[in-house]
Amino acid sequence: MDLHQLAPKPPHALHSLHFFPQYHLLHLPIIFTKYHAYAFSFILITLTAFAFSLLRPSFDPQPLLRSHPRCETCDYSDGKWVFDEEYSLRMYTEDCPFLDPGFQCHRNGRIDEGFRKWRWQPHGCDLPRFNASDLLQRSRNGRIIFAGDSIVRNQWESMLCMLSQGVSNLSNIYEENGSPITKHKGFLSFRFQEYNLTVEYYRVPFLVRISRPPPNSPPQVRGAIRIDKLHWFSNKWSGADILIFSGGHWWTEDKTTKAGAYFQEGQELNMTMDYKEAFYRTLKTLKAWAMQNLDPLRAHIFLRSYSSIHFRNGTWDQGGTCKDNNQPETDSSNFPTETPFDQFIYGITKEMEVADRKAKYLNITYLTEFRSDGHPSTHREEGTIQSAIEDCSHWCLPGVPDTWNEILYAHLLIENFITEVKNDM
């Protein structure tokens, strides 16, 4: 089975931008009869009332959209990193209370801060500036869900800190179950009380369930990855307004079959299935769940592409390093070729789009490939043993995942995203 043919290769320009219609006053005759005046007044009042009926109470997104000139079609994933001294001044700092200690690189000993001053500039258009107050207002009474591995946790914590810039009193942001920001299995849900909004993270590295082997399995089988059953946490995802899914980093031989975890569909354990095919089937399971359980008019679904890793001169467990990198890469000719995972993710996303779902391929692979300077590397949290491997997979915060969320925000602007405003009167 040639899995490379299962999904179309993503083109350079994936996104179409839709502008609000612009209305202009007509040039009217200078001289009116009394009846012309009455008719014109009636038409003007009617059009004004109709226009206001289209707007949601106390919130008009048009000025924000008009303030960001964009081309008719913009591929936000294609561009370059430009040094911008002011960029970091607009962002949050490591003092954000929603950061895991492992992502606070400066606090963990990193001296240089230049990695925070690179801004992603798409070719031919501009990336809208992230507006925390705007996104909070758009998301009022809503739910934003991040589900996947620890890389999407990186992005989730970035989003928490970016949104917190629109809240004057941080004590109004809290974890609903009183759980701290620490690495653990399970889920975390932070409520922005003023907006009745939750921003949630679910740790589901494979997206699907992990279970015990079926009866009479071979002795080398230690667990079963149920590629036809989405994780139990999916019961909590229905009703969400924005969902960001991340997968791929755990889909390797080392973390599946070599670790004794084989793939199961129904009651049958498949001892020969390749992990790439298993990942593709998992995406099909995710798609089937989304089609059945998410409101097609409400849910905005984002499938994020693979986040680049930068172990040089060796693999992660064989001395690979990124500690000497303090600037973005400049030569893209040596970048790895596109992974089949990204082709699968793109293909599944397009299938959902064709089925009239609000699904987008959040393509961040190319732009992250440049940023070998953005990882924690040896700057690990306090208590990490000295012999621990470098971290060239996750990202310092503030850092590269902020750009992922800026692109996410840009897509939401394009879609004119806004939750249904509940009448609390």
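Hydrogens, waters and symmetry mates are skipped; everything else that's a heavy atom, side chains included, is used. None of the values given here were measured: they were computed from a predicted structure. The first residue of the sequence shown is numbered 1, and numbering continues consecutively from there.
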Tested for side chain to side chain contact (heavy atoms under 4.5 Å, CB included) against Phe146, the lone hit among Arg203, Arg153, Glu157, Met159 is Met159
Between Asp241 and Thr419: side-chain donor-acceptor atoms closer than 3.5 Å
no
State whether a side-chain donor-acceptor pair under 3.5 Å links Ser171 with Asn169.
yes
So, the side chain of Ser305 versus the backbone of Ile364: is there a donor-acceptor pair under 3.5 Å, distance only?
yes
Polar side chain donor-acceptor pair, Ser377 to Glu390, under 3.5 angstrom
yes
Set out, in order, the CA-CA distance, both residues' side-chain angles and the distance that settles side-chain hydrogen bond (donor to acceptor under 3.5 Å, both in side chains) for Asn363 and Tyr346, then state yes or no.
CA-CA 9 Å; Asn363 189 358; Tyr346 174 76; over 6 Å; no
Would you check if there is a donor-acceptor pair between the side chains of Thr282 and Trp251 at a distance under 3.5 Å?
no
Kindly write out the residues that satisfy side-chain contact (heavy atoms from CB on, under 4.5 Å) with Ser332, not counting sequence neighbours, or none if the list is empty.
Phe335, Tyr366, Phe370
Mind telling me whether His375 and His310 have parallel, tilted or perpendicular rings, with 30° and 60° as the class edges?
tilted
Looking at Arg140 and Glu194, would you say the former's side chain and the latter's main chain have a donor-acceptor pair under 3.5 Å?
yes
No-hydrogen, no-angle side-chain donor-acceptor test under 3.5 Å, Gln121 and Asp126:
yes
Any side-chain to backbone donor/acceptor pair from Asn235 onto Trp232? Under 3.5 Å, distance only.
yes
Intermediate values then yes/no, salt bridge (charged side-chain N to carboxylate O under 4.0 Å, His left out), Lys284 and Glu351
CA-CA 10 Å; Lys284 298 287 282 187; Glu351 288 179 16; 3.3 Å; yes
Closest non-hydrogen contact found for Ser189 with Glu175 is N-OE2, 2.8 Å
Please check if any side-chain donor atom of Arg191 sits under 3.5 Å from a side-chain acceptor atom of Asn172, or the reverse.
no
Please name the pair of heavy atoms, one in Thr349 and one in Ile345, separated by the smallest distance, quoted to 0.1 Å.
OG1-O, 2.7 Å
Electrostatic pair Arg116-Glu94, nearest N-O below 4.0 angstrom
yes
Presence of salt bridge, Glu415 and Lys358, under 4.0 angstrom
no
Please report the closest heavy-atom contact between Ser238 and Trp289, naming both atoms and the distance.
OG-CZ2, 4.0 Å
Between Arg304 and Trp404, is NZ or CZ placed under 6.0 angstrom from the six-membered ring centre and within 45° of the ring axis?
yes
Tell me, with the steps shown, if Arg371 and Phe115 meet side chain to side chain contact (heavy atoms under 4.5 Å, CB included).
CA-CA 9 Å; Arg371 297 306 306 274; Phe115 69 95; 3.9 Å; yes
Looking at every heavy atom in both Cys96 and Gln104, which two are closest together, and how far apart are they?
O-NE2, 4.4 Å
Using 30° and 60° as the class limits, which term best fits the ring planes of Phe233 and Phe187: parallel, tilted or perpendicular?
perpendicular
Minimal heavy-atom distance between Pro376 and Cys105, with the atoms involved, is CA-SG, 3.6 Å
Any idea how Phe206 and Trp250 line up, ring-wise: parallel (<30°), tilted (30 to 60°), or perpendicular (>60°)?
perpendicular
For a quick check under 3.5 Å, do Thr368 and Ser307 share a side-chain donor-acceptor pair by atom type?
no
Please check if the side chain of Arg298 supplies one atom and the backbone of Gly239 the other of a donor-acceptor pair under 3.5 Å.
yes
Using atom types as modelled and distance alone, determine if a side-chain donor or acceptor of Asp228 lies under 3.5 Å from a backbone N or O of Glu265.
no
What is the minimum heavy-atom distance between Ala147 and Trp237, and which atoms define it?
CB-CZ2, 3.7 Å
Residues at least two apart in sequence or cross-chain that pass salt bridge (Lys or Arg N to Asp or Glu O under 4.0 Å) with Lys117, listed by chain then number, are Glu85
Taking atom types as modelled and ignoring hydrogens, do the side chains of Asp331 and Ser333 form a donor-acceptor contact shorter than 3.5 angstrom?
yes
How about Val82 and Tyr87: do any of their side-chain heavy atoms sit closer than 4.5 Å?
no
